[in-house]
Amino acid sequence: MKVIIVGAGIGGLTLALFLHRAGIPCAVYELAPEIRPLGVGINILPHASRELAALGLEPALSRVAVLTRESVFFNRFGQLIYREPSGRFAGYDDPQYSIHRGELQNVLVDALVERNGKHAIVTGWKCVGVDQDERSAIAHFCASESGEPRPSQRGDVVVACDGLHSVVRKALHPNEGPPIYSGVNMWRGVSVWPPILSGASMIRAGWLAGGKMVVYPIRDRVDERGRQLVNWVAELQTARHKTRDWNRPGNIDDFIAAFEHWHFDWLDVPALIRAAPSILEFPMVDQEPLPWWSRGRVTLLGDAAHPMYPRGSNGAGQAILDARALVDALVAHRDPIEALKIYEAKRLPVTAEVVRANRKNPPDAILREVFERTGDRPFARIEEIITEEELRAMSDAYKRVAGFDRKSLSARSQPIQEET
Ligand SMILES: Cc1cc2nc3c(=O)[nH]c(=O)nc-3n(C[C@H](O)[C@H](O)[C@H](O)COP(=O)(O)OP(=O)(O)OC[C@H]3O[C@@H](n4cnc5c(N)ncnc54)[C@H](O)[C@@H]3O)c2cc1C
């Protein structure tokens with residue numbers, strides 16, 4: 001058995017590590033000429049951090065991430081709506097990590113190279129298509145910079161982990177349209193800033209119609225003053241947007257007006273935004289869930305299979321869960337075609353529900369509810385607007401859909417620990 005993996009993002013790298021643990025050879029082909037720490041903040045919730053711990057990555061992740069302590073919700077006047085503990089602070093066995101996406105990718109790359117050797121990842125190879133015959137699956141490549149053809153690679157299975165603009169997804173589903181814009185544009189940055197609230201708080205504030213902020217630290221003590229790297233996302237409803245490119249520079253003048261008066265006693269939002277050395281812009285997009293992911297020996301994983309709005313901290317997490325499920329299926333079923341079917345049956349319906357929940361009722365639906373009930377005005381006491389039970393029920397409902405409520409996590413089979 002040999003697996004060809006297209007894409008060295010979070011999904012492709014995690015898949016390679018699980019395959020290594022199962023003793024299944026694989027090779028990873030990545031479009032980028034070198035793996036550079038791109039992106040900004042990302043959250044890994046306990047359902048996914050548990051899988052990374054099983055791969056022996058907890059010590060490396062703890063060194064570069066912040067262990068998120070709580071999730072807190074405010075209106076745009078800085079008034080507290082709801083607070084709940086996160087990760088281990090909420091009694092989970094595993095932590096929630098707030099981490100720079102590039103740091104997470106580095107941890108995965110380092111582990112893979114250490115375990116599989118420095119040729120484990122081939123960079124600068126762009127997948128241009130896939131094929132299969134009765135005995136194998138074939139991925140075709142060209143050099144990503146020159147466009148010169150590269151030798152096609154043959155394996156028992158090809159897994160496309162090539163993200164939102166997946167060429168393999170397009171080949172399998174040629175009539176699908178481009179990613180669907182949600183009506184919300186996002187601007188993101190990272191600022192060096194003193195600890196906010198608990199120093200490990202994931203903050204959501206405001207609502208999309210007038211402007212929403214997500215703020216959380218992703219690295220502790222980055223200078224002698226004990227400041228942190230703080231990731232922020234400004235989200236605004238607007239028809240104006242461009243194609244998603246993770247490296248597209250953004251302009252502060254396009255969104256700062258919505259946040260100019262957000263001076264809270266616990267955070268000066270415009271000052272935090274202005275402290276970022278650079279700003280990235282991208283639209284909030286997803287795709288309609290697909291009816292199927294696998295054709296014979298070829299399948300999809302992660303964003304290639306189920307791009308979703310980043311409103312529930314689940315994009316990377318679901319890719320990690322896909323990787324675990326796919327390797328479990330390959331180990332349990334000797335016929336790779338059968339294994340891909342089992343994987344798809346397990347993961348497609350669940351992830352489709354997460355895509356839909358992220359559209360309608362992600363965790364920040366709490367903010368929408370309060371926005372609507374107050375008519376976007378300050379409140380005297382939050383209890384007069386919404387009860388603690390209602391808020392908790394909304395938060396818990398999302399956890400159940402995304403598979404990180406404590407009950408379903410403890411019911412899930414324990415991952416086998418990596419022997420390193
Ligand atoms: C550059 C970048 C920055 C990101 N920044 C953030 C962020 O700041 N915050 C956040 O929450 N999420 C971010 N994401 C998305 C997040 O990482 C994913 O949603 C999630 O981790 C799912 O991972 P994935 O492996 O399925 O897809 P991705 O992480 O998108 O990885 C896909 C990989 O496939 C490679 N690839 C694409 N096409 C081809 C091809 N034809 N041939 C070979 N390789 C190919 C890409 O270069 C990439 O390395 C970013 C993704 C990328 C690629």
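Counting starts at 1 for both ligands and their atoms, in listed order. What you see is a predicted model; the values in this text were computed from it and never measured.
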Query raised in the report: What pairs with His100 under ring-ring contact (aromatic ring centres under 6.0 Å, His included), at least two apart in sequence or on another chain?
Result: none
Query raised in the report: Looking only at heavy atoms, what is the nearest atom pair of Trp187 and Leu236, with distance?
Result: CZ3-CB, 3.8 Å
Report task. Determine which pairs satisfy salt bridge (Lys or Arg N to Asp or Glu O under 4.0 Å) with at least one residue from residues 295-323, sequence neighbours left out, and list them in order. Result -> Arg244-Asp303, Arg311-Asp364, Asp322-Arg347
Query raised in the report: Has the side chain of Asn75 got a donor or acceptor atom that lies under 3.5 Å from a matching backbone atom of Gly78?
Result: yes
Dump the pairs for me: ligand 1 N or O, protein N or O, distance under 3.5 Å, to 0.1 Å.
| from | atom 1 | to | atom 2 | distance (Å) |
| --- | --- | --- | --- | --- |
| ligand 1 | 8 (O) | Val40 | N | 2.6 |
| ligand 1 | 9 (N) | Gly41 | O | 3.0 |
| ligand 1 | 9 (N) | Arg188 | NH1 | 3.3 |
| ligand 1 | 14 (N) | Arg101 | NE | 3.4 |
| ligand 1 | 17 (O) | Arg101 | NE | 2.7 |
| ligand 1 | 19 (O) | Asp303 | OD1 | 3.2 |
| ligand 1 | 19 (O) | Asp303 | OD2 | 2.6 |
| ligand 1 | 25 (O) | Ile10 | N | 3.3 |
| ligand 1 | 25 (O) | Gly11 | N | 2.8 |
| ligand 1 | 26 (O) | Asp303 | N | 2.8 |
| ligand 1 | 29 (O) | Arg101 | NH2 | 3.0 |
| ligand 1 | 34 (O) | Cys161 | O | 3.4 |
| ligand 1 | 41 (N) | Cys127 | O | 3.2 |
| ligand 1 | 42 (N) | Cys127 | N | 2.9 |
| ligand 1 | 44 (N) | Leu31 | N | 3.1 |
| ligand 1 | 47 (O) | Glu30 | OE2 | 2.6 |
| ligand 1 | 49 (O) | Glu30 | OE1 | 2.7 |
| ligand 1 | 49 (O) | Glu30 | OE2 | 3.3 |

Requested in this report: Please test Tyr343 against Trp293 for ring pair (Phe, Tyr, Trp, His ring centres under 6.0 Å), starting from the C-alpha separation and ending with a verdict.
Outcome: CA-CA 10 Å; Tyr343 153 70; Trp293 296 346; 5.6 Å; yes
Requested in this report: Not counting sequence neighbours, which residues clear side-chain hydrogen bond (donor to acceptor under 3.5 Å, both in side chains) with Lys399? List them please.
Outcome: Glu84, Ser395, Asp396
